[in-house]
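Reading through the structure tokens given below for one structure.
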Amino acid sequence: MNKTLETRVEELEQMVFMNKNVLSFEEASRFLNLSKSYLYKLTSGNLIPHYKPQGKMLYFEKAELEAWLRQNPIKTSAQITQEAQRYIMGNKPLMQK
């Protein structure tokens, strides 16, 4: 129990942050680990889901950001091999007489 007050406050802030569903621009930048300028570029190009309830301030839904992060998965070699085997097994050519 020798944690400093600063450490304890940081831990509490992190717990609150992890439980939020709607994030501000600053929080979304930290959550995504993106610079503010790059996040602004994504929002101005409508490349990332966001909300502007008053027409100025930007807000983000955490679940939508997580889905956005997962939009282009890279398959492992094992997954590609497995899919290729399934494809070959399902598309056998007809035997010729």
- Message: Taking Tyr38 as the starting point, is it possible to reach Leu23 by hopping between hydrophobic residues whose side chains are less than 4.5 Å apart?
- Response: yes

- Message: Quick check: do Leu42 and Trp68 have side-chain heavy atoms less than 4.5 Å from each other?
- Response: yes

- Query: Measuring from Arg30:CZ to Ser24:OG, what's the distance to the nearest 0.5 Å?
  - Reply: 7.0 Å

- Query: Does Glu27 reach the side chain of Phe60, with side-chain heavy atoms less than 4.5 Å apart?
  - Reply: no

- Item | Closest non-hydrogen atom pair, Ser29 against Ser35 | OG-C, 3.9 Å

- Item | ILVMFWY network linking Val22 to Ile48, side-chain heavy atoms under 4.5 angstrom | no

- Do the non-hydrogen side-chain atoms of Phe25 and Lys36 ever get within less than 4.5 Å of each other? yes

- Query: Does any non-hydrogen side-chain atom of Glu64 lie less than 4.5 Å from one of Tyr51?
  - Reply: yes

- Taking every heavy atom of Ile80 against every heavy atom of Lys75, the minimum-distance pair comes out as CG1-CB, 3.9 Å

- Do you reckon Met57 sits in the same ILVMFWY cluster as Tyr40, going by side-chain contacts under 4.5 Å, direct or chained? no

- Correct closest heavy-atom pair for Leu65 and Ala28 would be CD1-CB, 4.0 Å

- Task: Side-chain contact test, heavy atoms from C-beta onward, threshold under 4.5 Å: evaluate it for Leu58 versus Leu39 and give yes or no.
- Result: no

- Message: I'd like to know if the side chain of Thr81 and the backbone of Ser77 have a donor-acceptor N/O pair within less than 3.5 Å.
- Response: yes

